[in-house]
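In what follows, a single structure is set out as structure tokens and then discussed.
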Amino acid sequence: MNVKWEQHKLGDIAKVTKLAGFEFTKYINYSSKGKILAIRGLNIKDGKFNLQDVKYIDNSDFNKLTRSKLRQDDILFTYVGTIGNSAIVPAGVKWYLAPNVCLIRTQTENAKFISHLIQSDKFQHQEIPKWITTSSQPALSMENIRKFSIILPTISEQLKISNLVSIIDTIITLQQRKLEQLKQLKKAMLQQLFVDKNSKQPNLRFKNFNGEWEQRKLGTVGKTQSGIGFPTKEQGGQKGVPFFKVSDMNNNGNEFEMTTSNNYVTEQQIISKKWKTITKVPAVIFAKVGAALMLNRKRLVTVPFLIDNNTMAYMFGKNWDPYFGKVLFDTLNLPKYAQTGALPSFNGSDIENIKVMFPTQVEQQIIGCFFESINGLITHQQNKLTQLTTLKKYLLQNLFI
């Protein structure tokens, strides 16, 4: 027989507390020598702990503190500023709770189930906003957090659901590690297979290649072209020639090569506006002005295209393997060559005067093919992660009431 889920207030099934800020401030230590990690709001995201930017409390002071020592299966929840991030404390850690994060300690219910429920879209978008108050910044009081409406099945069903979601979380974590390993491999191989400014040969070469690489200015083996104005009324087209903007680099699938655009233009538009399509491809594009320039992102383009006036293209000459060229651009710190002013920016000459080390075209092809393979593995791994996170989101939307 199916057992109905029952509605509760969070405060009736769990202890909800926060740390007084003065106690944390008194004992905080900015050195890792303390060994007792203080969890802050910025350390919690997407149901996990990000421990790259952490602060500590001295071991000697930890025993003096009477509040908010954490234990396994405590749920930590951000209630000020960025509200609603939560994660569950794993086994075997010695952590301390910082201000702006509250502790939810369940009494008899399954803590992992409660944590997953809090992360669900319905809870995030329907329940939490009802209780937020706004003064200098959005916040939740402990009293209002205790009023959260929680609908629970039996303990056995809670356990089954939480175990399923936890398995997906574990797989996601493993896949994220694989992705990071691939990115680190690519970074290491970029350092080994390309020539730095102090040498004429790379540290590592493929079999049967030797001899020095040749120094060239980019302007002698290719040409830059800046983008053009793209009036708003001309935007939004779904068919025709892609008209790339810097923001298109964020599209899924555009991590290495521009395969989609948010805007396409027809031949009629091109003729009417007297635009000149860039047909000399492959090329590489990058931001040429403003904050986006400082992100140092480059993308390969292999089909005729247009770019807006915040973007610049470099068209490869006949001496290039385009995939080698794209990877070589990945090794360049382009912001270093920007002109300073109200906004950092490039002129074509700033790029064309950059000196690079250049091997034979055959060696370029081997290196380009190698990195194309690594990029393919990275893209495949990113797609797997996207599928897994979509699956988790679906489960969180459909397994909870």
Side-chain angles (χ1 to χ4, degrees), residues 5 7-21 24 37-55 68 70 73-90 95-107 109-152 158 161-162 164-166 168-169 172-173 176 385-386 388-401:
W5 290 33
Q7 185 169 339
H8 303 268
K9 289 182 179 179
L10 180 59
D12 293 336
I13 62 166
K15 178 183 178 182
V16 179
T17 57
K18 68 175 180 178
L19 167 66
F24 174 84
L37 191 152
I39 295 293
R40 299 174 293 160
L42 58 80
N43 299 130
I44 305 172
K45 187 176 181 181
D46 298 329
K48 298 184 179 68
F49 293 105
N50 178 354
L51 305 182
Q52 293 181 345
D53 181 10
V54 295
K55 290 182 170 55
S68 300
L70 301 176
D73 288 345
D74 281 343
I75 301 166
L76 304 188
F77 179 82
T78 59
Y79 66 92
V80 176
T82 302
I83 296 173
N85 288 332
S86 67
I88 192 163
V89 176
W95 289 353
Y96 188 76
L97 185 68
N100 298 345
V101 183
C102 79
L103 181 154
I104 301 171
R105 183 171 289 166
T106 60
Q107 298 171 1
E109 309 300 331
N110 181 269
K112 290 182 180 178
F113 178 89
I114 303 296
S115 180
H116 292 317
L117 187 153
I118 289 173
Q119 295 169 42
S120 67
D121 276 1
K122 291 178 183 177
F123 199 88
Q124 290 282 321
H125 297 140
Q126 296 179 22
E127 184 63 21
I128 293 176
K130 293 192 303 187
W131 305 102
I132 293 175
T133 58
T134 302
S135 53
S136 58
Q137 62 179 332
L140 286 163
S141 66
M142 295 303 103
E143 179 183 358
N144 282 349
I145 293 173
R146 296 184 187 108
K147 292 177 182 178
F148 284 168
S149 178
I150 303 285
I151 304 176
L152 300 174
Q158 290 179 38
I161 291 173
S162 65
L164 175 60
V165 180
S166 294
I168 301 298
D169 275 337
I172 288 173
T173 299
Q176 286 172 330
L385 265 176
T386 299
L388 285 166
T389 53
T390 300
L391 173 60
K392 179 183 176 181
K393 184 175 181 179
Y394 176 83
L395 292 175
L396 292 178
Q397 286 175 337
N398 291 278
L399 288 178
F400 298 92
I401 296 179

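Just so it is clear, the model here is predicted, and its values are computed rather than measured. The analysis underlying the following values was restricted to heavy atoms, covering all of them including side chains, and did not include hydrogens, waters or symmetry mates.
A pairwise comparison of heavy atoms in G84 and Q124 identifies O-NE2, 2.8 Å as the closest pair. Minimum interatomic distance between Q137 and G81 (heavy atoms only, all atoms of both residues): OE1-CA, 3.7 Å. In plain terms, the two heavy atoms of I13 and I150 that are nearest each other are CD1-CG2, 4.2 Å. Pairing each heavy atom of I145 with each of C102, the nearest pair is CD1-SG, 3.9 Å. Between K392 and V165, the shortest heavy-atom contact is CE-CG1, 4.2 Å. Across D73 and A111, no two heavy atoms sit closer than the pair O-CB, 3.3 Å.
Side-chain atoms of Q158 never come within 3.5 Å of backbone atoms of F113 as a donor-acceptor pair (strictly under, hydrogens ignored).
Rounding to the nearest 0.5 Å places CG of L76 at 5.0 Å from CD1 of I44. Here the CG-CD1 distance, from L391 to I172, works out to 7.5 Å after rounding to the nearest 0.5 Å. Atoms OG1 and CD1, on T78 and I39 in that order, are 12.5 Å from each other to the nearest 0.5 Å. The CH2 atom of W131 lies 13.0 Å from the CZ atom of R146; values are rounded to the nearest 0.5 Å. Distance check: I88 CD1 to F49 CZ gives 8.5 Å after rounding to the nearest 0.5 Å. The distance from the CD atom of Q119 to the NZ atom of K48 is 8.0 Å, given to the nearest 0.5 Å.
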* Could you please spell out the steps behind the side-chain contact (heavy atoms from CB on, under 4.5 Å) verdict for L51 and W95? => CA-CA 12 Å; L51 305 182; W95 289 353; 3.9 Å; yes
* Would I128 and L140 satisfy side-chain contact (heavy atoms from CB on, under 4.5 Å), going step by step from the backbone distance to the final call? -> CA-CA 9 Å; I128 293 176; L140 286 163; 4.1 Å; yes
* To do: Give the C-alpha distance, both sets of side-chain angles, the deciding distance and a yes or no for side-chain contact (heavy atoms from CB on, under 4.5 Å) between L42 and N100.
  => CA-CA 10 Å; L42 58 80; N100 298 345; over 6 Å; no
* Asked: Stepwise, does the side-chain contact (heavy atoms from CB on, under 4.5 Å) test hold for I104 with I118?
  -> CA-CA 11 Å; I104 301 171; I118 289 173; 4.1 Å; yes
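Looking at heavy atoms from C-beta onward, H116 lies out of side-chain contact with I161 at the 4.5 angstrom threshold.
Atom CD of E143 has 12 or fewer neighbouring heavy atoms from other residues, nucleotides or ligands inside a 6.0 Å radius. Crowding of K112 atom NZ: a count of heavy atoms from other residues, nucleotides or ligands under 6.0 Å not exceeding 12.
Tested against V16 for a side-chain contact (heavy atoms from CB on, under 4.5 Å), the candidates L103, L10, N144 yield a single pass: L10.
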Quick one: side chains of residues 393-401, donor-acceptor pairs under 3.5 Å with protein atoms, not counting sequence neighbours, listed by atom name and distance.
{"from": "Q397", "atom 1": "NE2", "to": "D121", "atom 2": "OD2", "distance (Å)": "3.0"}
{"from": "N398", "atom 1": "ND2", "to": "Y394", "atom 2": "O", "distance (Å)": "2.8"}

